[in-house]
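Proteins come first, then strands; the chains are lettered A, B, ... in the order of their sequence lines, and each starts at number 1.
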Amino acid sequence: MTITVKFFASLRERVGKGEASLTSARSVSLYDIWQQTANIPMPDNTLCAVNMEYVDRNHVAQDGDEVAFFPPVTGG
Amino acid sequence: MTITVKFFASLRERVGKGEASLTSARSVSLYDIWQQTANIPMPDNTLCAVNMEYVDRNHVAQDGDEVAFFPPVTGG
Amino acid sequence: MAVEIRPQAFDPWQTMQHYQQQHIAPGKHGACASFIGSMRDFNEGDDVQVMTLEHYPGMTEKYLEKICAEAKSRWDIIDCLIIHRVGDMQPNDPIVLTAVWSAHRGAAFEACRYLMEELKSRAPFWKKETLQQGERWVEHNTPL
Amino acid sequence: MAVEIRPQAFDPWQTMQHYQQQHIAPGKHGACASFIGSMRDFNEGDDVQVMTLEHYPGMTEKYLEKICAEAKSRWDIIDCLIIHRVGDMQPNDPIVLTAVWSAHRGAAFEACRYLMEELKSRAPFWKKETLQQGERWVEHNTPL
């Protein structure tokens with residue numbers, strides 16, 4: 001299965017890329033996905049989304065999912 | 001002493017005048033002033049002011065005071 | 001801080017924009033909370049054609065200035081503005097504008113709400129409605 | 001109900017006025033509560049020259065639409081509007097506008113506050129500040 005991975009804001013800069021693609025033979029949690037696509041430990045305050053909905057890092061991704069990692073939000 | 005008396009809104013219409021003047025030899029409460037200037041009983045919900053500050057109907061007026069009577073406010 | 005009673009129709013958005021341009025130092029406020037109250041064409045089940053707002057010249061301004069001062073003492077705000085219409089108005093006309101500027105949102109929201117609640121409960125204004133079947137004084141304000 | 005992400009500067013007052021003219025039936029609303037968040041020229045003791053706002057295209061809009069729908073289900077409101085700036089901005093530029101129209105003031109005030117609190121705590125936007133001494137990401141929002 002193939003998963004699209006996105007990094008935003010300070011995480012994008014720290015990971016050094018805004019987007020990655022992951023192909024996996026077995027099911028993977030968001031935390032697994034981070035470990036396979038980012039080259040730094042996942043910061044504790046990282047927020048996770050799947051298909052543009054918030055989920056926690058133990059959520060298991062499905063084929064075709066868009067996964068996103070980002071720091072605490074600071075809009076408004 | 002001389003006191004200026006004002007009536008507003010529905011009280012002005014019910015009393016039939018917007019302004020009155022009262023001359024009194026002794027000190028008078030706002031309730032006394034109403035009785036001497038209005039020709040109807042004072043409605044329970046009447047609000048009273050002296051020199052543009054809220055007071056209650058037992059407040060005693062001074063020479064030169066501007067006294068006002070009005071119904072519940074409905075601005076905004 | 002400004003309080004104004006307007007006998008003519010006013011544009012609340014333009015009024016806020018002008019006030020901000022003229023009185024609020026650029027870059028210092030992060031928040032502006034505002035409230036605009038407008039005339040509805042119905043009240044208590046009846047169509048309202050015209051509304052006439054009476055006030056107590058002098059006391060109304062004094063009371064509005066007092067609640068602005070009170071808001072400034074209670075919350076960390078930069079400035080506030082109250083405009084209130086009087087005289088005859090038509091449905092959809094703005095009746096009242098309260099606006100508060102502050103560094104952070106909490107103070108602006110709370111002070112703006114405070115101004116409106118105090119204005120509605122104690123400021124000497126009275127509404128008379130003209131209906132198809134004649135005139136009537138509005139007896140009391142909606143609590144919320 | 002409208003949600004918009006704007007890459008260019010916008011006039012929040014004109015935006016509200018236009019939205020009301022085009023979308024709110026005249027004479028039906030008695031209340032419009034709004035909040036405008038603007039860029040300050042200082043933060044945490046430092047002068048800020050430029051601020052850059054990043055968002056997550058798609059998710060941000062979806063999240064803002066969700067909180068508007070939630071506000072409509074929780075309070076008796078007529079309509080609501082959220083505009084949020086992205087990209088590079090200068091001190092004093094409006095960043096965000098939330099506006100709520102309703103028959104009575106309580107619902108407008110509460111829903112407007114709700115939209116801002118939800119937006120600030122959960123909508124995917126990120127601020128980066130350019131200071132004299134370089135750039136920094138804003139780490140967290142002020143709670144109030």
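With a threshold of 4.5 angstrom between heavy atoms, N51(A) approaches chain D through N, CA, C or O but not through any side-chain atom. Heavy-atom distances place both the backbone and the side chain of R122(D) under 4.5 Å from chain A. Only the side chain of A49(A) comes within less than 4.5 Å of a heavy atom of chain D; its backbone N, CA, C and O stay farther away. With a 4.5 Å cut-off on non-hydrogen atoms, S38(D) does not touch chain A at all. Both the backbone and the side chain of K127(D) come within less than 4.5 Å of a heavy atom of chain A. For K62(D), the part lying under 4.5 angstrom from a heavy atom of chain A is the side chain only. Only the side chain of H84(D) comes within contact range of chain A, judged by heavy atoms closer than 4.5 Å.
One side chain, T52(D) or D88(D), offers a donor N or O that lies under 3.5 Å from an acceptor on the other. Side chains of E54(D) and W126(D): no donor on one and acceptor on the other come within 3.5 Å. D47(D) and Q132(D) share no side-chain donor-acceptor pair at under 3.5 Å.
Both tests do not hold together for R12(A) against F8(A): distance to the six-membered ring centre under 6.0 Å, angle to the ring axis within 45°.
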Quiz item: ring pair (Phe, Tyr, Trp, His ring centres under 6.0 Å) between F7(A) and W34(A): does it pass, once the steps are laid out?
Solution: CA-CA 10 Å; F7(A) 302 94; W34(A) 174 280; 5.6 Å; yes
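The greatest number of non-hydrogen atom pairs below 4.5 Å with chain D, out of K6(A), E66(A), E13(A), is found for E13(A). Contact count against chain D (heavy-atom pairs under 4.5 Å) is highest for P71(A) among P72(A), P71(A), A68(A).
For R113(D) and E117(D), the salt-bridge test passes: some basic side-chain N is under 4.0 Å from an acidic carboxylate O.
D63(A) places a side-chain N or O within donor-acceptor distance of the main-chain N or O of T2(A), the cut-off being under 3.5 Å.
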